[in-house]
Amino acid sequence: MAVSYNHKEVEKKWRKKWEEHPVNVEDGTKEKYYCLDMFPYPSGNGLHVGHWRGYVISDVWSRYKLMQGYYLIHPMGWDAFGLPAENYAIKMGTHPAKSTAQNIANIKRQINEIAALYDWDREVNTTDPDYYKWTQWIFVKMFQEGLAYEKEMPINWCPSCKTGLANEEVVNGCCDRCGSEVTKKNLRQWMLKITKYADRLLEDLDKLDWPEKVKKMQTEWIGKSYGAEVDFQVEGMDKAITVYTTRPDTLHGATFMVLAPEHKLAAELATDETRTAVEDYIMKSSMRSNVDRMQDKEKTGVFTGSYAINPLNGAKVPIWLSDYVLADYGTGAIMCVPAHDDRDFEFAKKFQIPIIQVIAKDGKEIENMTEAYTEASGTMINSGEWNGMESAVLKKEAPVMIEKMGIGKKTTNYKLRDWVFSRQRYWGEPIPIVHCDKCGAVAVPEEQLPVLLPDVESYQPTGTGESPLADIAEWVNTTCPCCGGPAKRETNTMPQWAGSSWYFLRYVDNKNKEQLVSREKADKYLPVDMYIGGVEHAVLHLLYSRFYTKFLYDIGVVDFDEPFTKLFNQGMITGKNGIKMSKSKGNVVSPDDLVRDYGCDSLRLYELFVGPPELDSEWDDRGIDGVYRFLNRFWNLVTDSIEANVAVTKEMVKLRHKMIYDITTRLEAFSLNTVISGFMEYNNKLIDLAKKTGGIDGETIQVMIRLIAPFAPHMAEELWEKAGNTNSVFDKENGWPEYDEALMADDEVEVAVQINGRTKAVITVAKDIAKEEAIAKGKEALGDKLTGNVIKEIYVPGRIINIVAK
RNA sequence: GCGGAUGUGGCGGAACUGGCAGACGCGCUAGACUUAGGAUCUAGUGUCCCCGACGUGCAGGUUCGAUUCCUGUCAUCCGCACCA
């Protein structure tokens with residue numbers, strides 16, 4: 001009788017062996033495969049079973065690639081700058097450098113429990129000066145290329161985190177980090193001109209093997225639209241207002257115009273009668289937050305008293321102000337066609353503005369219109385020379401026509417905004433800029449990088465819009481690199497995303513003192529072949545990284561312009577009832593106890609077995625017993641069979657090839673939960689077969705071990721050794737098992753026999769039986785169950801016989 | 001409001017291009033072995049009015065045949081949210 005599997009001993013043994021003899025070595029003959037995890041920020045809470053899942057998925061995939069003969073780049077590091085780390089330190093009354101180091105040590109310990117093949121020689125830490133030197137270097141390059149610029153403007157401000165935020169960091173008007181309502185604050189900011197890359201970021205999505213969901217989110221975030229700018233003269237003023245519209249086909253239907261309250265002409269348009277109301281409205285709007293505005297059930301607005309002239313037909317249209325028009329999109333002014341736009345319709349109804357239909361739906365005007373007709377489908381009416389044209393055609397042609405008429409121009413617009421890049425916090429990379437009265441903003445010369453973050457006692461955010469660094473006179477006061485005169489350092493720091501936008505490049509050359517990454521290594525090991533992580537970074541990290549990569553491509557640092565060829569988003573592991581695991585909810589499951597009780601291999605398998613890797617799964621501790629039992633049965637079957645040493649049978653060969661086929665195709669399809677159930681299924685079949693034959697033959701044993709190796713690496717190594725091998729199961733020469741379709745084919749197949757689509761019997765027939773013969777046998781099996789007249793007989797080879805009878 | 005995903009036993013979930021719904025596992029029931037069992041093994045386990053019928057959120061449709069395709073609808077989750 002076999003001794004049951006002792007996970008503690010075996011896992012300890014192989015951890016040590018792997019440390020002494022790494023299994024992932026570059027020998028100069030292998031092709032590279034770069035499998036990347038989204039690196040964690042070292043939270044004080046440590047890892048829970050949800051974090052584990054992503055790492056297990058990537059490690060299984062990595063080990064599979066390793067066995068296929070690739071040299072793996074499978075690194076790990078720390079995204080350690082940023083708000084969460086700083087807030088945690090403040091809460092604990094410690095310095096972020098200290099708490100971060102502690103948290104990294106703890107999480108590293110936990111990550112090692114996963115037994116993932118991380119190459120710790122490649123480790124990076126975004127807070128390491130040798131690392132952030134290059135984060136700053138990229139900024140300097142961007143500054144030199146005119147992509148980083150200073151601007152004073154109203155930005156999103158989190159009153160709780162006391163810092164400015166990028167648009168991407170504001171979710172439903174609230175801070176992505178802490179959930180506080182975001183307000184506006186006028187601040188001098190460093191901005192990155194990501195908008196210059198909008199088209200490339202949009203178009204290159206096509207070349208990526210990414211989940212459609214993420215591509216779509218980025219597409220919508222970039223938000224490109226096509227239309228025209230049209231100039232409306234203001235009556236009685238020597239001024240024109242330019243509007244942006246995607247529906248120039250409806251220009252004849254414009255019965256009013258609305259300007260954002262922040263529009264520069266807004267106040268000027270007021271007449272003596274309307275001045276009080278207009279100024280009042282502008283002031284009130286300026287005080288309202290985004291959240292406030294979004295909660296509006298009804299549109300608000302005020303008539304300026306002025307009129308504009310529709311350049312196409314000379315119609316006089318009133319100019320209104322309303323906060324449903326956004327100041328920072330398009331031109332901050334719109335022409336309003338209430339008949340064909342929902343918002344304009346609502347506004348016109350409320351303020352009793354005429355509605356003119358210019359598209360005939362189904363050939364005629366809509367009577368008693370109750371909602372706008374927004375589709376560009378139908379014939380133009382009430383549109384002068386455009387009458388009779390198809391709206392859909394006109395929509396495309398109108399911009400050019402308008403341009404020819406000299407009343408506007410064809411144009412495009414984006415929702416994407418430039419990236420607000422400064423943070424008024426301590427724990428981040430100092431922006432490497434010096435302000436000089438004579439020379440203005442000057443980049444710190446490359447040889448003086450990094451600009452070290454000063455080590456200080458007090459680093460709490462000020463809340464004034466000044467960075468805490470501004471208080472450190474000896475750090476702030478410096479000399480201008482340009483003229484040598486007195487100058488002051490930039491005191492804002494970079495957002496957390498700065499360090500994470502390029503870390504995957506540094507892994508392949510993390511000790512390079514001269515360059516961010518050597519071109520040779522970049523060409524050899526990059527880009528990333530497979531990137532695995534949660535979907536939460538769809539428009540943050542993943543967009544920023546693409547932007548950085550494109551920039552570095554443009555300046556010749558790397559020779560590719562997309563960083564991540566393939567992306568996989570794993571689902572979240574939640575607590576009971578789909579509630580997100582969090583300390584405050586008290587539903588966090590730590591992997592530590594489970595590893596101790598069931599072993600790393602069991603937890604690895606269970607993390608995959610809980611459900612499809614791309615979907616969220618509820619965690620239930622009890623299920624781990626199932627995979628634990630399976631591993632024990634697997635162990636017993638293999639060890640018993642090694643002892644029994646039986647000869648191979650034909651049936652066994654067939655089962656072996658079927659097993660290789662099933663496991664491999666499921667693995668290739670990333671259906672990891674069904675890989676595990678497949679192992680269980682085949683194990684049961686093999687146990688049954690072994691009962692008849694006395695055991696499993698040697699070749700099948702070796703295949704079983706190799707197949708399970710990426711999933712349960714410790715057990716696989718131990719069994720591999722027990723089976724008489726002297727090398728590691730992950731050794732290139734073992735390879736991944738291959739199947740032969742000819743050998744897995746059955747001679748006989750089971751076929752269901754149905755009457756009118758309902759199964760009445762099951763028969764076994766030869767695989768290549770003729771239709772007539774199959775049907776005859778089916779009828780025979782049915783016997784007197786078959787009554788009535790046979791109308792039709794269907795035979796689907798190897799699957800089903802259906803007799804249609806009445 | 002718009003867009004997307006999901007919906008299958010007591011539970012997690014399987015089911016390839018339409019072809020035996022419920023694989024695999026948890027849980028549960030019974031038995032075996034045991035001083036013992038939260039160990040292990042064996043058998044069973046969708047529902048019901050159980051020789052039959054009904055069953056994949058709901059209502060229709062296409063088909064010899066639908067978890068799978070089509071139309072409508074409901075629920076949950078996620079993303080976007082006055083972007084003209």
Side-chain angles (χ1 to χ4, degrees), chain A residues 1 4 171-173 211-214 216-217 220-221 223-225 227 243-248 250 254 257-258 260 290 293-294 296 299 322-326 328-337 340-344 346-347 374 413-417 535-536 538-539 571-572 574 578 605-606 609-612 614-630 632-633 636 662 665-666 669 671 673-684 750-762 791-805:
Chain A
M1 194 58 203
S4 218
V171 179
N172 292 328
E212 285 308 314
K213 180 188 165 119
V214 176
K216 191 158 192 177
M217 280 171 75
E220 283 172 6
W221 191 261
K224 185 173 188 177
S225 67
V243 301
Y244 172 68
T245 178
T246 55
R247 293 298 302 276
T250 63
M257 180 183 257
V258 176
N290 292 344
R293 275 187 175 199
M294 278 190 295
D296 268 355
K299 300 233 175 316
S322 175
D323 63 7
Y324 84 86
V325 174
L326 306 175
D328 64 350
Y329 180 79
T331 61
I334 60 170
M335 67 171 205
C336 299
V337 185
H340 305 290
D341 181 281
D342 290 326
R343 296 149 301 185
D344 299 347
E346 189 192 331
F347 195 87
T374 58
N413 250 307
Y414 301 88
K415 290 184 193 174
L416 185 70
R417 297 280 87 105
V535 74
E536 64 273 17
V539 290
M572 213 179 10
T574 68
L605 258 62
Y606 187 54
F609 190 55
V610 286
E614 69 280 8
L615 298 183
D616 293 353
S617 295
E618 281 179 31
W619 186 263
D620 184 353
D621 267 353
R622 285 178 303 180
I624 197 172
D625 286 316
V627 292
Y628 181 74
R629 285 174 198 147
F630 156 70
N632 273 290
R633 281 197 296 266
N636 290 338
D662 269 344
T665 48
R666 290 173 190 192
S671 178
N673 54 326
T674 64
V675 170
I676 306 302
S677 61
F679 277 128
M680 291 171 170
E681 227 174 316
Y682 278 103
N683 201 51
N684 291 342
E750 284 197 339
V751 172
V753 186
Q754 303 181 329
I755 299 174
N756 297 333
R758 301 202 163 269
T759 302
K760 299 292 176 183
V762 176
I791 297 166
K792 203 172 178 183
E793 292 164 337
I794 290 145
Y795 175 55
V796 181
R799 294 203 183 270
I800 210 156
I801 294 165
N802 191 12
I803 311 288
V804 187

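Quick caveat, the model's predicted, so the values are computed rather than measured. Labels below follow one simple rule: chain letters A, B, ... track the order of the sequence lines, proteins then strands, and each chain is numbered from 1.
With sequence neighbours excluded, the residues forming a side-chain contact (heavy atoms from CB on, under 4.5 Å) with A:T374 are A:D342, A:A372, listed by chain and number. Residues passing the salt bridge (charged side-chain N to carboxylate O under 4.0 Å, His left out) test with A:K415, sequence neighbours excluded: none. For A:N413, the side-chain contact (heavy atoms from CB on, under 4.5 Å) test picks out A:S225, A:Y244, A:Y329, with sequence neighbours left out. Partners of A:R799 according to the side-chain contact (heavy atoms from CB on, under 4.5 Å) rule, which considers only residues two or more places apart in sequence or in another chain, are A:V796. With sequence neighbours left out, A:D328 forms a salt bridge (charged side-chain N to carboxylate O under 4.0 Å, His left out) with no residue at all. Take A:R622 and apply the salt bridge (charged side-chain N to carboxylate O under 4.0 Å, His left out) test, not counting sequence neighbours, and it matches A:D620. Shown here are the side-chain contact (heavy atoms from CB on, under 4.5 Å) partners of A:T574, two or more places apart in sequence or in another chain: A:M572, A:E618.
When each of A:I801, A:I803, A:N802, A:I794 is tested with A:Q754 by the rule side chain to side chain contact (heavy atoms under 4.5 Å, CB included), just one qualifies, namely A:N802.
Across the P atoms, B:U17 and B:U62 are found 25 Å apart, a figure rounded to whole Å. Straight-line distance between the P atoms of B:G52 and B:G7: roughly 33 Å, to the nearest whole Å. Rounded to whole Å, the C1' atom of B:A15 lies 34 Å from the corresponding atom of B:G38. Spacing of C1' atoms, B:G25 relative to B:C69, comes out at 31 Å, to the nearest Å. To the nearest whole angstrom, the two P atoms, one in B:C16 and one in B:A21, are 14 Å apart. When the C1' atom is used for both B:G55 and B:A66, the distance is 14 Å, rounded to whole Å. Distance check on atom C1': B:A5 versus B:C51 gives 45 Å, rounded to whole Å. For the P atoms, the distance linking B:G27 with B:G22 amounts to 22 Å, nearest Å.
A straight line from CH2 of A:W221 to C1' of B:A81 spans 11 Å, rounded to a whole angstrom. Computed from coordinates, the A:K415 NZ to B:C82 C1' distance equals 10 Å when rounded to whole Å. Computed from coordinates, the A:Q754 CD to B:A66 C1' distance equals 12 Å when rounded to whole Å. In this structure, CD1 of A:I755 is placed 16 Å from C1' of B:G19, rounded to the nearest angstrom. The CE-C1' distance, from A:M217 to B:A81, rounds to 13 Å in whole Å. Taking atom NZ on A:K299 and atom P on B:C82, their separation rounds to 9 Å, with Å as the unit.
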Interface polar pairs with nucleotides 44-52 of chain B, N/O, under 3.5 angstrom:
none

Under 3.5 Å, which protein N or O atoms sit close to an N or O of nucleotides 40-42 of chain B? Give each pair with its distance.
unit_1 : atom_1 : unit_2 : atom_2 : d
B:U42  : OP1    : A:K691 : NZ     : 3.4

Please write out the pairs of protein N or O atoms and N or O atoms of nucleotides 3-5 of chain B separated by less than 3.5 Å, giving the distance to one decimal.
unit_1 : atom_1 : unit_2 : atom_2 : d
B:G3   : O2'    : A:K216 : NZ     : 2.8

Check nucleotides 10-17 of chain B against the protein and report each pair of N or O atoms closer than 3.5 Å, with its distance, or say if there are none.
unit_1 : atom_1 : unit_2 : atom_2 : d
B:G12  : O2'    : A:V610 : O      : 2.7
B:G13  : O3'    : A:N673 : ND2    : 3.4
B:A14  : OP1    : A:N673 : ND2    : 2.8
B:C16  : N3     : A:R799 : NH2    : 2.9
B:C16  : N4     : A:R799 : NH1    : 2.3
B:C16  : N4     : A:R799 : NH2    : 2.6

Taking Watson-Crick and G-U wobble contacts under 3.5 angstrom, with | marking pairs to another strand and [ ] crossing pairs, the secondary structure of RNA chain B is written (((((((..(((......[....)))((((((.......))))))(((...)))..(((((..]....))))))))))))....
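A pairwise comparison of heavy atoms in A:V258 and A:Y324 identifies CG2-OH, 4.0 Å as the closest pair. Scanning all heavy atoms of the two residues, the minimum distance from A:G611 to A:S617 falls at CA-OG, 3.8 Å. Residue A:L326 comes nearest to A:A260 through the heavy atom pair C-CB, 4.0 Å, listed as atom of the first residue, atom of the second, then distance.
When each of A:T759 and A:N802 is assigned the nucleotide of RNA chain B bearing its nearest heavy atom, the one mapping closer to the 5' terminus is A:T759. In terms of position along RNA chain B, the nucleotide closest to A:M680 lies nearer the 5' end than the nucleotide closest to the other residue of the pair A:M680 and A:T331.
Nucleic acid contact for A:E212: none, since no nucleic acid atom lies under 4.0 Å from a heavy atom of the residue. Within the 4.0 angstrom heavy-atom criterion, only backbone atoms of the sugar-phosphate kind lie near A:S225; the bases stay farther away. Residue A:E793 is classed as having no contact, given no heavy-atom separation below 4.0 Å to the nucleic acid. Residue A:N684 is classed as a sugar-phosphate contact, given heavy-atom separations below 4.0 Å to backbone atoms only.
A donor-acceptor distance shorter than 3.5 angstrom exists from the side chain of A:N636 to the backbone of A:N632, with no hydrogens or angles considered. Remark: side-chain polar atoms of A:N756 are paired, donor with acceptor, to backbone N or O of A:A805 under 3.5 angstrom.
With rounding to the nearest 0.5 angstrom, the OG atom of A:S677 is 10.0 Å from the CZ atom of A:F630.
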Dump the intermediate steps for side-chain contact (heavy atoms from CB on, under 4.5 Å) on A:R247 and A:V337, then the final yes or no. CA-CA 9 Å; A:R247 293 298 302 276; A:V337 185; over 6 Å; no
A:M257 and A:V243: side-chain contact (heavy atoms from CB on, under 4.5 Å), yes or no, with the steps? CA-CA 9 Å; A:M257 180 183 257; A:V243 301; 3.6 Å; yes
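Note on ring orientation: taking the six-membered ring where Trp is involved, the planes of A:W619 and A:Y606 are perpendicular (angle over 60°, cut-offs 30° and 60°).
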